[in-house]
Amino acid sequence: HVQLVESGGGSVQTGGSLRLSCAASGYHHSAYCLAWFRQAPGKAGEGVAGIGTNGVATTTDSVKGRFTISRNAATNMVYLQMNSLRSEDTALYYCTTITPNLVLKDFGYWGQGTQVTVS
């Protein structure tokens with residue numbers, strides 16, 4: 001079965017950086033793309049970034065130029081490098097699967113989440 005395990009969250013000051021990691025297993029790489037989703041208290045959840053098996057990536061407008069998604073195909077790890085962090089980036093970040101069309105919706109499988117706090 002599909003397993004997604006996140007790590008790398010924590011607390012950081014405004015303007016700082018964090019890198020989230022996600023270890024994915026239990027599926028054929030062509031079945032899904034991998035993505036990051038975040039949920040902040042009292043706010044609607046948001047698809048942050050996604051990446052396909054060919055390395056093509058997409059990011060939501062609110063993080064463009066600050067967040068970069070990448071993957072290591074050999075190890076099936078996905079990363080989210082977050083720079084110039086702002087207080088509004090504070091959220092629980094989930095690794096998730098999306099369909100191969102790389103649209104940040106219709107999320108499938110979920111990890112347990114990792115907290116990012118910016119203050």
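Owing to the predicted nature of the structure, the values given are computational and were not obtained by experimental measurement. Numbers for residues simply follow the sequence, beginning at 1.
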Inspect the surroundings of OH in Tyr109 and state if more than 12 heavy atoms from other residues, nucleotides or ligands are less than 6.0 Å away. no
Non-hydrogen atoms of Pro100 and Cys33 that approach each other most closely: CA-SG, 3.6 Å
Start with the C-alpha distance between Gln115 and Thr90, add both sets of side-chain angles, then the distance that settles side-chain contact (heavy atoms from CB on, under 4.5 Å), and finish with yes or no. CA-CA 8 Å; Gln115 179 68 38; Thr90 295; 4.0 Å; yes
Flag if over 12 foreign heavy atoms under 6.0 Å of CD, Gln112: yes
Are there over 12 heavy-atom neighbours, none belonging to Lys64, within less than 6.0 Å of that residue's NZ? yes
Backbone N/O of Arg86 and side chain of Asp89: donor-acceptor pair under 3.5 Å: yes
So if you build clusters from Ile, Leu, Val, Met, Phe, Trp, Tyr with side-chain heavy-atom gaps below 4.5 Å, do Val2 and Ile98 land together? no
Would Met82 end up clustered with Leu104 when hydrophobic side chains under 4.5 Å apart are linked, directly or stepwise? no
Would Tyr32 and Val48 show up in the same hydrophobic cluster when neighbours are defined by side-chain heavy atoms closer than 4.5 Å? yes
Just how far is it from atom SG of Cys95 to atom CG of Leu80, taken to the nearest 0.5 Å? 10.0 Å
Heavy-atom closest contact (Leu102 atom, Gly52 atom, distance): CD1-N, 3.6 Å
If a pair satisfies side chain to side chain donor-acceptor pair (under 3.5 Å) and one of its residues is in residues 45-55, list it, with sequence neighbours excluded. Arg38-Glu46, Glu46-Ser62
Modelled atom types, side-chain donor and acceptor of Thr99 and Asp106, under 3.5 Å: no
Kindly compute the distance separating CD (Gln3) from OG (Ser25), expressed to the nearest 0.5 Å. 4.5 Å
Of all heavy-atom pairs between Thr59 and Ala49, which one has the smallest distance, and what is that distance? CG2-CB, 3.7 Å
From Leu34 CG over to Ile69 CD1, what is the distance, rounded to the nearest 0.5 angstrom? 7.5 Å
What about Phe37 and Tyr93, are their ring centers closer than 6.0 Å? no
Atom pair OG (Ser7) and CE (Met77), whose distance is rounded to the nearest 0.5 Å: 6.0 Å
Rounded to the nearest 0.5 Å, what's the gap from CH2 on Trp36 to OG1 on Thr96? Could you check? 10.5 Å
Could you give the distance from OH (Tyr94) to CG (Leu4), rounded to the nearest 0.5 Å? 12.5 Å
Are Tyr79 and Val116 connected into the same hydrophobic cluster when the rule is that any two of I, L, V, M, F, W, Y join if their side-chain heavy atoms are below 4.5 Å apart? no
Treating Glu6 as the side-chain partner and Cys22 as the backbone partner, does any N or O pair qualify as donor plus acceptor under 3.5 Å? no
What pair of heavy atoms forms the shortest contact from Ser17 to Ser84, and how long is it? OG-N, 4.4 Å
Partner of Phe67 under side-chain contact (heavy atoms from CB on, under 4.5 Å), picked from Thr60, Asn83, Leu85, is Leu85
Give a yes or no on whether Ile51 and Phe107 share a hydrophobic cluster (residues Ile, Leu, Val, Met, Phe, Trp, Tyr; joining criterion: side-chain heavy atoms under 4.5 Å apart). no
Residues that, via side-chain heavy atoms closer than 4.5 angstrom, fall in one hydrophobic cluster with Val5: none
Worked verdict on Thr114 versus Leu92 for side-chain contact (heavy atoms from CB on, under 4.5 Å): CA-CA 6 Å; Thr114 185; Leu92 191 57; 5.6 Å; no
